[in-house]
Amino acid sequence: MTRLSDYFLPTLKDPPADAEAISHQLLVRAGMVRQLGAGLWTYLPAGWRVHRKIEAILREEMDAIGAQEMLAPVLQPAEHWEKTGRYAIDELFKLEDRRGAPMVLAMTHEEALTSHVARDVRSYRDLPVMLYQFQVKERDEPRPRAGVLRTREFIMKDAYSFDRDQDGLEASYARQSEAYERIFERCGLEWYRVESDVGMMGGSGAHEFMAPCAAGENDVALSDAGYAANVEVACATASPIEELPEPLAAPEPVATPGARSIDEVSALLDVPRGALIKSMPMIVGEEERPLLCLLRGDHSLNEIKLRNALGAAVRQARQEEIGERFGSPVGFVGPIGSPAGVLADEALRGMSGMVAGANRADTHLLGVDLERDLSADWADFRTVEVGDCCPAGAEIRIEPAIEVGNIFKLGTRYSKPLGATFLDEDGAEQTIVMGSYGIGPARILAAAVEQFADDAGICWPRAIAPFDIEIVALGKGDEEVAKVANDLYEDLRALGLDVLYDDREASPGQKFADAELLGCPLRATIGRRGLEAGELELQVRRGLEQSALALDGAAQEILERWQSLA
RNA sequence: CGGGGCGUGGCGCAGCUUGGUAGCGCGCCUGCUUUGGGAGCAGGAGGUCCCCGGUUCAAAUCCGGGCGCCCCGACCA
C-alpha cells in the first residue's frame, strides 16, 4: 500500500528562489525532482513514476509499428564519431580511458546503431528494420535551463529506421510520424507538428512535435489555415509597407550625416523603416566569400534560412572586414556599386523608391529599385513576423513552444561514412537509407505541467499522472475513517487504479494543499462529516470541482469518473 | 562566449555599508491540546556564513583569487 506517511515525497511550501519556469517550480515543490548540479536532475519516486508512465506509452506505440527495443552504451569509442565528422561538436562530452584512448559520451546514437547495422546487415532481405531504445544522452549544453526542460543529461527514446531506398524511408518516416501523433494524443498534451531545420543531424527533411507553453524555447509560426513551422524555417508573405516614398528615375544621393542605423536613417529622412534596404555584410563558407544580404528595413535576417539557401555556413562580417571586403564605411553599406556579391530577400521584389546605403560616409541613396538598378540573386532568408500571411493566406501568429519530439530523414548521412550497405537482388552494393526519431519523456512531463497547472499546483493528464487518485483520510486516530480509507484503497487497486493514500497525521489544509500540488486527477476525501452521511467526497483536480459519492459502490463510480477524464 | 545577479541551518531570507555574541519565518524533533483548507502552547535539535589566501588583536562583514548556481543574449536534434 502506498502510504504517504512512508513515501518519499518531500513537498515544499515555497519554490526554490532560482526557479523561474512553472514546471521547474512545481516539479520541485511537489517533491518529484531534485537538482544535483547545473542541468543534472534526479527523479524522486513520484517524478519517476510519471517518467515511466510516459515510457510505457512510447514503448507500446513503438512496438505497435514494429520497432524493436534494444540498448546501446552511452560510453563509446571516439572512432565512430570521427568517421561521421561529429567528433568536433562542442556539445559532445569527450574523455579518455586509462590507456589514453579517446572516448565520448553519446549525445545521440546514430553512430552506434548504424555501426551495428553496418556490421550485421548484408542483404536486402534484412531490410527494412527499425530499432529503438530508451537511453541516457549526454550533452555539454552551453546553458542548461528551466529545470528539466533543457538538461545536460536526459533519457531519450531514440528510434532509427534502416531502409533500402528513399521510398522505404518515406514509409518508415510516415509510420513514425503517425505513432508520434498517437503518443502525444495519449499523453494528453496540446501539441502540433511543424516543419523544422535539419540542424547538425544533417539529412533531407525533418519535423518537430511541439507543445505550446510559456517556458518554450522555440518560436513557432502558426496560422488558422493550418500552417505550422518553426520560425527557424518558416516562410510567409510579408505584409506591405504603407506610404512608400515616390519612385525616382534613378537613384539619387542624399546626405545622412551620422545616420548609421535603420532607425536613425528612417527618422532623419522621415520614411518608414520598411522603405529602407537593410544591407548586411556576411561572410560565406570556408572560402570566406563576402556576400551582401539585403532585407527590407523592418525585417530581420534568419541565419538558418540563409545557410540553407546558400548550402554553406555563414557569419556576419566583422567591423574591420566591412571596410576591406565591402568597400564601405560601417553604417553606409549598400548594394549599388558594392564589390561583394549581392543576395536580396524575396520580400524586396517589386519595391521601388527605396533607401539604401551609398557605400560612402554620411550618404544614402534615394529611389533605389533593386530589379532595375542592379542584378542581384534572390532568396527567402528573412525571419517571418506576426501579421505576415501564410501560403494559404491566413495571418501568421508566433508562439513559444517546447520541442517534445522530432523526426528526421537522415538519408545516407550516417550510413555512408560508417559503411552501412547491403546487396540488392542483382548483387549490387547499395547504401542503407536512414531515419531517426527522438522523444524526450522529461519534456513531455514538463510540458504537461506547464500546460495544465493552476494556482494550486499541477493538474496531470490522466494517462501520465503519478497516481490515478489520492485518498485523503481526515481525523487522526479515527478508526472508522481509516478502515473506510483502507477498504477504498483495496477496492480501487482491484479495479486497476494506482492509488496514493495520505494517512499522515497532518492538518486537513496541509493534506489538501499537498494533494493539489502533486496534481493527481482525482482526490477522494474521507472524514467524519461524510461518513455520518454515508458519503465520501470526490474532487476532480482540473477545475477543482467537488461532489459527494455514496460509500456504497464508490470504487466503481470512481473508476467510471476516472475513465471519463482527459 | 558576452551581460547581469546570487552563495548565511532542509526551504525562503535578514545581518555585510560602519569588523567584535550568527538572527527571523517556514520546516524538523519531543510532549500536551487540535483535525474539512497550510492549527495552538511549551520545550528542543540543527550553521566549516561556498572555498583558498590576505589585512586585522578580531572577518559572514574589508581586500585578492577561485568555485558553484540562476537569469538575459549568443548557442542548441
Side-chain angles (χ1 to χ4, degrees), chain A residues 10-21 24-25 28-29 31 34-40 86 89-92 106-110 137-147 149-152 154 156-160 196-203 205-210 215 217-218 230 232 303-304 315-316 402-410 413-414 435-440 443 456-457 472-478 481-482 502 504-517 523-533 535-537 539 544 546 548:
Chain A
T11 57
L12 260 30
K13 211 161 173 177
D14 301 308
D18 51 21
E20 207 96 325
H24 184 183
Q25 294 184 7
V28 172
R29 280 189 58 207
R34 285 294 186 267
Q35 185 171 20
L36 194 61
L40 298 171
R86 294 211 297 172
I89 292 174
D90 289 334
E91 282 74 32
L92 184 65
M107 52 194 303
T108 148
H109 280 76
E110 277 78 9
K137 309 294 173 215
E138 304 283 351
R139 294 183 192 176
D140 195 357
E141 290 287 350
R143 182 152 107 79
R145 56 179 295 262
L149 275 181
R150 180 158 218 95
T151 55
R152 293 195 290 177
F154 60 97
M156 175 180 275
K157 184 288 299 173
D158 47 325
Y160 305 88
S196 73
D197 183 46
V198 293
M200 73 175 178
M201 298 299 304
H207 288 86
E208 289 167 334
F209 290 80
M210 297 295 212
E217 303 185 284
N218 295 86
N230 194 317
E232 289 175 351
E303 286 197 26
I304 293 172
R315 62 170 175 84
Q316 286 196 34
I402 181 74
E403 179 188 350
V404 287
N406 53 39
I407 53 179
F408 288 90
K409 293 176 192 170
L410 294 175
R413 166 71 181 81
Y414 295 88
S436 86
Y437 316 92
I439 289 184
R443 286 199 171 171
V472 172
L474 258 30
K476 177 182 161 189
D478 188 321
V481 166
D502 189 350
R504 295 175 302 169
E505 295 183 6
S507 70
Q510 196 173 9
K511 292 185 176 186
F512 292 149
D514 275 353
E516 280 152 18
L517 181 57
R523 183 184 85 201
T525 308
I526 299 170
R528 193 76 252 157
R529 204 169 77 188
L531 245 45
E532 277 157 15
E535 294 174 337
L536 59 76
E537 180 202 87
Q539 184 202 58
L544 297 174
Q546 319 207 16

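The structure presented is a predicted model; accordingly, all values stated were derived computationally and were not measured. Just so it is clear: chains get the letters A, B, ... in the order the sequence lines come, proteins before strands, and each one is counted from 1.
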Please give, in whole Å, the distance from [N] [atom2] to [X] [atom1]?
X	N	atom1	atom2	answer
Q539(A)	G36(B)	CD	P	17 Å
E141(A)	G73(B)	CD	P	15 Å
R529(A)	G37(B)	CZ	C1'	11 Å
I526(A)	G37(B)	CD1	C1'	17 Å
E217(A)	C71(B)	CD	P	11 Å
I304(A)	A74(B)	CD1	P	11 Å
L12(A)	C26(B)	CG	C1'	10 Å
K13(A)	G38(B)	NZ	P	9 Å

With a 3.5 angstrom cut-off on both distances, give the Watson-Crick or G-U wobble partner of [N], or none if there isn't one.
N	answer
A39(B)	U33(B)
G25(B)	C11(B)
A74(B)	none
C69(B)	G5(B)
U61(B)	none

Is the distance from OP1 or OP2 of [N] to the nearest side-chain N or O of [X] less than 4.0 Å?
X	N	result
R143(A)	C72(B)	yes
R145(A)	C72(B)	yes
R528(A)	G36(B)	no
Q510(A)	U35(B)	no

Would you indicate which nucleotide in [options] comes nearest to any side-chain atom of [X]?
X	options	answer
A17(A)	G37(B), C76(B), C13(B)	C13(B)
Q546(A)	C69(B), G37(B), G38(B)	G37(B)
N406(A)	C75(B), G38(B), A77(B)	A77(B)
E91(A)	C75(B), A77(B), C69(B)	C75(B)
D514(A)	C70(B), G38(B), C11(B)	G38(B)
P508(A)	U35(B), C26(B), C70(B)	U35(B)
S507(A)	C75(B), A39(B), U35(B)	A39(B)
D18(A)	A77(B), G36(B), C70(B)	C70(B)

Has the side chain of R139(A) got a donor or acceptor that lies under 3.5 Å from a partner of the other kind on the base of C76(B)? no
Kindly say whether, by distance alone, the side chain of R523(A) makes a donor-acceptor pair under 3.5 Å with the base of G36(B)? no
Work out how far the [atom1] atom of [N] is from that of [M], and round it to whole angstrom.
N	M	atom1	result
C32(B)	A14(B)	C1'	33 Å
U56(B)	C62(B)	C1'	10 Å
C16(B)	C70(B)	P	28 Å

When rounded to the nearest 0.5 angstrom, what distance separates CZ in R86(A) from CG in L92(A)? 8.0 Å
Take R523(A) and E516(A) through the side-chain contact (heavy atoms from CB on, under 4.5 Å) test and state the conclusion after the steps. CA-CA 9 Å; R523(A) 183 184 85 201; E516(A) 280 152 18; 2.8 Å; yes
Could you check R145(A) against E217(A) for side-chain contact (heavy atoms from CB on, under 4.5 Å), going step by step and ending with a plain yes or no? CA-CA 10 Å; R145(A) 56 179 295 262; E217(A) 303 185 284; 3.0 Å; yes
